[in-house]
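Structure, as structure tokens:
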There are 2 protein chains.
Amino acid sequence: MIRIVLADDERMVRTALRVILDAEPDLEVAGEASTGAEAVSVVRELRPDVVLMDVRMPEVDGIRATERILAPAPEPAPRVLVVTTFENDAYVYDALRAGAAGFLLKRAAAEDLVAAVRVVARSDSLLYPAALRGLAAAYARHRPAAAPAWVARLTEREAEVLRLMATGLTNAEIARRMGVGPATVKTHVAAVLAKTGTRDRTQAVIAAYESGFIAPAGPGA
Amino acid sequence: MIRIVLADDERMVRTALRVILDAEPDLEVAGEASTGAEAVSVVRELRPDVVLMDVRMPEVDGIRATERILAPAPEPAPRVLVVTTFENDAYVYDALRAGAAGFLLKRAAAEDLVAAVRVVARSDSLLYPAALRGLAAAYARHRPAAAPAWVARLTEREAEVLRLMATGLTNAEIARRMGVGPATVKTHVAAVLAKTGTRDRTQAVIAAYESGFIAPAGPGA
DNA sequence: AACCGTCTCCGCCGTGCGGGGGAGGGCCGG
DNA sequence: CCGGCCCTCCCCCGCACGGCGGAGACGGTT
């Protein structure tokens with residue numbers, strides 16, 4: 001029997017989860033909490049196998065609550081499955097760093113939820129969303145960086161235009177910056193869109209970032 | 001009915017997987033391949049929903065095969081679930097970078113395999129092993145990143161819109177994706193532009209990248 | 001000399017986008 | 001109970017943008 005504690009500030013959500021989980025013969029919802037602080041104490045008291053932890057909660061959020069639950073790291077620490085509505089990358093990283101066993105989107109189907117609980121209870125880990133792509137990309141930045149085919153096909157001028165596009169300039173500003181006419185810039189932009197297979201400047205800039213043609217020049221990174 | 005293609009060089013393994021999967025009423029093994037090259041052609045021909053891809057195979061390994069399958073990226077690309085015996089971190093990274101939907105250890109229980117197939121078929125992603133810990137830990141070390149002040153000020157809806165903007169969608173497409181009216185999206189976009197201090201969607205997307213609000217991902221996205 | 005790619009510019013035209021308003025409903029905290 | 005925030009949606013307007021076709025000039029290749 002897998003004993004579970006639910007931590008979510010919305011009663012509706014907790015009820016829905018409870019209904020889903022209690023329907024399974026091998027799962028049992030042992031307790032609930034509506035705040036992060038409450039979650040910590042409830043878990044300490046009930047010592048469940050799995051904790052379903054919402055990220056956004058009053059007082060103490062799910063990440064901090066997870067840290068506090070897993071920080072003592074005594075005997076059999078419960079497995080924390082972090083649940084949230086969106087796939088903000090930062091949440092995934094923070095949750096994992098806090099020691100969470102997995103990450104689950106609220107829009108997952110009921111059977112996925114049940115499967116996830118069983119999986120983490122068996123002490124394996126489970127991740128979920130597309131945020132994983134970010135993880136892989138982060139690794140990719142440390143090692144190789146295969147430029148896509150279209151980079152080579154861009155002419156010097158077109159590459160220059162794309163770089164300026166990626167700084168958020170309008171065509172007119174790019175024209176002034178490059179000392180050419182606006183019509184010329186439009187031509188180059190059109191060429192960039194065609195060669196990158198994108199339909200507008202926004203998609204082109206995204207392609208530039210995704211391909212590593214330009215790197216996010218973060219303050220520390 | 002979820003149609004599956006198995007790619008593994010060992011007949012025994014393929015048979016075992018087939019037995020497990022075919023026992024499920026909603027799963028069907030449509031084809032098999034014993035090399036990476038064969039996997040590519042079989043998948044192209046059968047167009048399955050899910051591909052169970054072994055990493056270590058003769059001729060072309062599972063990672064490259066995955067790349068070739070997902071590179072064209074046509075309409076409904078199959079979901080590739082990479083299977084391996086080891087939890088070598090590099091495999092995880094490479095698999096994800098190649099666009100794999102998930103990563104699965106061979107020592108996973110049968111029901112986990114089935115659950116994983118169903119999950120990825122529903123077009124979500126799933127990871128598995130303890131190797132994730134290393135992944136997350138490694139990433140956490142490399143991540144200085146502090147989200148800029150404006151991230152916190154974005155409402156849930158606005159953040160959602162910004163994420164979709166950063167995938168290159170137009171307002172109309174975002175509206176459809178979110179199930180709201182175009183006018184509503186425009187309102188949110190305007191709010192995002194105001195809060196991020198940008199003047200158009202391109203600059204907003206750039207800000208999202210530069211701030212780490214969204215991370216550059218692989219091509220398979 | 002003919003050819004091609006690149007860079008430079010010019011129109012026209014449809015439209016996606018962003019700015020400026022306003023409006024109603026839900027929910028929460030004071 | 002009311003003010004404030006959020007979400008939802010509407011109007012009009014101006015404009016930058018992107019698609020289309022055309023043009024002249026330079027350099028290199030054939």
Side-chain angles (χ1 to χ4, degrees), chain A residues 8-13 34-35 54 56-59 61 84-86 88 106-107 149-208, chain B residues 149-208:
Chain A
D8 195 308
D9 57 332
E10 292 169 88
R11 177 185 296 271
M12 284 282 297
V13 174
S34 58
T35 72
D54 188 26
R56 297 161 76 256
M57 279 189 297
E59 295 178 44
D61 66 38
T84 187
T85 48
F86 37 66
N88 187 326
K106 277 187 180 172
R107 59 173 159 78
W150 55 260
V151 171
R153 306 193 54 82
L154 289 181
T155 69
E156 218 168 306
R157 243 20 197 175
E158 288 159 1
E160 177 70 11
V161 167
L162 177 53
R163 265 186 291 274
L164 293 174
M165 272 195 277
T167 66
L169 300 181
T170 66
N171 287 341
E173 288 166 339
I174 294 173
R176 256 175 273 132
R177 189 78 65 98
M178 290 176 64
V180 298
T184 304
V185 174
K186 289 189 67 172
T187 303
H188 290 320
V189 169
V192 168
L193 296 182
K195 290 180 179 178
T196 55
T198 52
R199 70 177 171 209
D200 54 45
R201 65 202 301 105
T202 302
Q203 283 192 358
V205 169
I206 292 170
Chain B
W150 56 259
V151 170
R153 306 196 52 83
L154 290 180
T155 68
E156 212 170 318
R157 240 24 194 169
E158 289 159 359
E160 176 74 10
V161 167
L162 177 54
R163 265 188 292 276
L164 293 174
M165 274 195 275
T167 67
L169 300 180
T170 66
N171 288 338
E173 288 167 338
I174 294 174
R176 256 174 273 132
R177 190 76 68 96
M178 291 177 62
V180 299
T184 303
V185 174
K186 290 191 63 175
T187 303
H188 290 319
V189 169
V192 169
L193 297 182
K195 290 181 179 178
T196 56
T198 53
R199 70 177 170 209
D200 55 45
R201 67 201 300 103
T202 303
Q203 285 192 356
V205 169
I206 293 169

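Predicted model, so just to flag it, every value in this text is computed and none were measured. Heavy atoms only: backbone and side chains are in, while hydrogens, waters and symmetry mates are out.
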Tell me whether the OP1 or OP2 atom of [N] has a side-chain N or O from [X] closer than 4.0 Å.
X	N	result
B:Arg157	D:dT8	yes
B:Thr155	D:dC7	yes
B:Thr184	D:dC9	yes
A:Asn171	D:dC17	yes
A:His188	C:dT8	yes
B:Arg201	C:dC17	yes

What is the separation between atom [atom1] on [X] and atom [atom2] on [N], rounded to the nearest whole Å?
X	N	atom1	atom2	result
B:Lys195	D:dC7	NZ	C1'	12 Å
A:Glu160	C:dT6	CD	P	17 Å
A:Ile174	C:dC7	CD1	C1'	16 Å
B:Leu154	D:dC7	CG	P	10 Å
B:Lys186	C:dG21	NZ	P	15 Å

Candidates [options] - which lies nearest the side chain of [X]:
X	options	answer
A:Glu156	C:dC9, D:dC17, C:dC7	C:dC7
B:Asp200	C:dG18, C:dC7, C:dC9	C:dG18
A:Leu193	D:dG19, D:dC9, C:dG18	D:dG19

Heavy-atom side-chain proximity of B:Arg201 to A:Asp200 below 4.5 angstrom: no

Assign each of B:Glu158 and A:Ala190 the nucleotide of DNA chain D bearing its closest heavy atom; nearer the 5' end lies the nucleotide of B:Glu158

So how far is it from [X] [atom1] to [Y] [atom2], rounded to the nearest 0.5 Å?
X	Y	atom1	atom2	result
A:Thr170	B:Gln203	OG1	CD	9.0 Å
A:Glu158	A:Thr196	CD	OG1	10.0 Å
A:Arg177	A:Leu169	CZ	CG	5.0 Å

Both B:Leu169 and A:Gly179 contact DNA chain C. Taking the nearest nucleotide for each, which residue is further toward the 5' end? A:Gly179

Is there a donor and acceptor pair closer than 3.5 Å between the side chain of A:Thr187 and the base of C:dC7? no

Ionic contact status for B:Glu160 with B:Arg163, cut-off 4.0 Å: yes

